[in-house]
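What follows is one structure encoded as structure tokens, with my remarks underneath.
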Amino acid sequence: QVQLVESGGGLVQAGGSLRLSCAASGRTFRSYTMGWFRQAPGAEREFVAAITWSGGTTYYADSVRGRFSISRDNAETTVVLQMNNLKPEDTAVYYCAASLGYTARTYEYDYWGQGTQVTVSS
């Protein structure tokens, strides 16, 4: 069992940066691939980034590659999404999630946080 709590969302102007954090609890945290997803109003939830349990491999959606960076600290049981050069189309609720597989598929993630709102103004 893994519990996830996101923080760090907010309002930022286009071109700015935000740092999202996901605090995880549960003794098996380091066994999971951790992912970030987002969902804009009226849209489906979409994959943003993922990182393997060891932190050695990362994967990004094309729309954020080169601007976003995912990292994890297994000792502190946190996952961070650093978002730079934000665009209005990045506006969404961002979710942290955990999966036993290395995947970008939403349905393969077993545990989810409650989400944090990111709003990018033009």
Problem set entry | Common cluster, W53/V80, ILVMFWY with side-chain heavy-atom separation under 4.5 Å | no
Exercise. Can a donor-acceptor pair be found between the side chains of Q13 and S121 at a distance below 3.5 Å?
Worked result: no
Seminar exercise, completed: In this structure, OG1 of T119 is separated from CG of L18 (nearest 0.5 Å) by 9.5 Å
Exercise. Does a side-chain heavy-atom distance below 4.5 Å link R38 with V64?
Worked result: yes
Problem set entry | Ring center gap for Y60 and F47 short of 6.0 angstrom | no
Exercise. Are D90 and K87 ion-paired here, with the side-chain N under 4.0 Å from a carboxylate O?
Worked result: no
Problem set entry | Shortest non-hydrogen contact from Q114 toward L4 | OE1-O, 3.8 Å
For this session: Say whether V79 and L100 are linked into one hydrophobic cluster, either directly or through other cluster members, by side-chain heavy-atom distances under 4.5 angstrom.
Result: yes
Exercise. Is Y59 atom OH crowded by more than 12 heavy atoms from other residues, nucleotides or ligands, each under 6.0 Å away?
Worked result: no
Exercise. Quick check: does any side chain N or O of S122 sit under 3.5 Å from a backbone N or O of P88, one acting as donor and the other as acceptor?
Worked result: no
Exercise. If you round to the nearest 0.5 Å, how far is CE of M34 from OG1 of T77?
Worked result: 9.5 Å
Exercise. Which atoms form the tightest heavy-atom contact between A50 and T103, and what is the distance?
Worked result: CB-O, 4.2 Å
Exercise. Just by distance, do the side chain of T116 and the backbone of S7 share a donor-acceptor pair under 3.5 Å?
Worked result: no
Exercise. Do Q82 and S69 have side-chain N/O donor and acceptor atoms under 3.5 Å apart?
Worked result: no
Exercise. Do S21 and E6 come close enough that some side-chain heavy atom pair is under 4.5 Å?
Worked result: no
Exercise. Distance from Y109 atom OH to T33 atom OG1, nearest 0.5 Å?
Worked result: 6.0 Å
Seminar exercise, completed: Between the CD1 atom in I51 and the CG atom in L81, the distance rounded to the nearest 0.5 Å is 10.5 Å
Problem set entry | Beyond-backbone contact of L20 with M83, side-chain heavy atoms, under 4.5 angstrom | yes
For this session: Looking only at non-hydrogen atoms, find the nearest pair between T91 and V120 and report the distance.
Result: OG1-N, 2.9 Å
Exercise. Out of N84, N85, L86, which one pairs with F68 under the side-chain contact (heavy atoms from CB on, under 4.5 Å) rule?
Worked result: L86
For this session: Can you measure from OH (Y107) to OG (S99) and round to the nearest 0.5 angstrom?
Result: 10.5 Å
Exercise. Do the non-hydrogen side-chain atoms of N74 and R72 ever get within less than 4.5 Å of each other?
Worked result: yes
For this session: State whether Y95 and R45 meet the cation-pi test: NZ (Lys) or CZ (Arg) under 6.0 Å from the six-membered ring centroid, and within 45° of the perpendicular axis.
Result: yes
Exercise. Are V48 and V12 co-members of a hydrophobic cluster defined by side-chain heavy atoms under 4.5 Å apart?
Worked result: yes
Problem set entry | Chi angles and distances behind the ring-ring contact (aromatic ring centres under 6.0 Å, His included) call for F37, W112 | CA-CA 10 Å; F37 292 77; W112 293 84; 5.0 Å; yes
Exercise. What is the distance from atom CH2 of W36 to atom CD of E46, rounded to the nearest 0.5 Å?
Worked result: 14.5 Å
Problem set entry | Donor-acceptor contact present, side-chain Q39 to main-chain V93, <3.5 Å | no
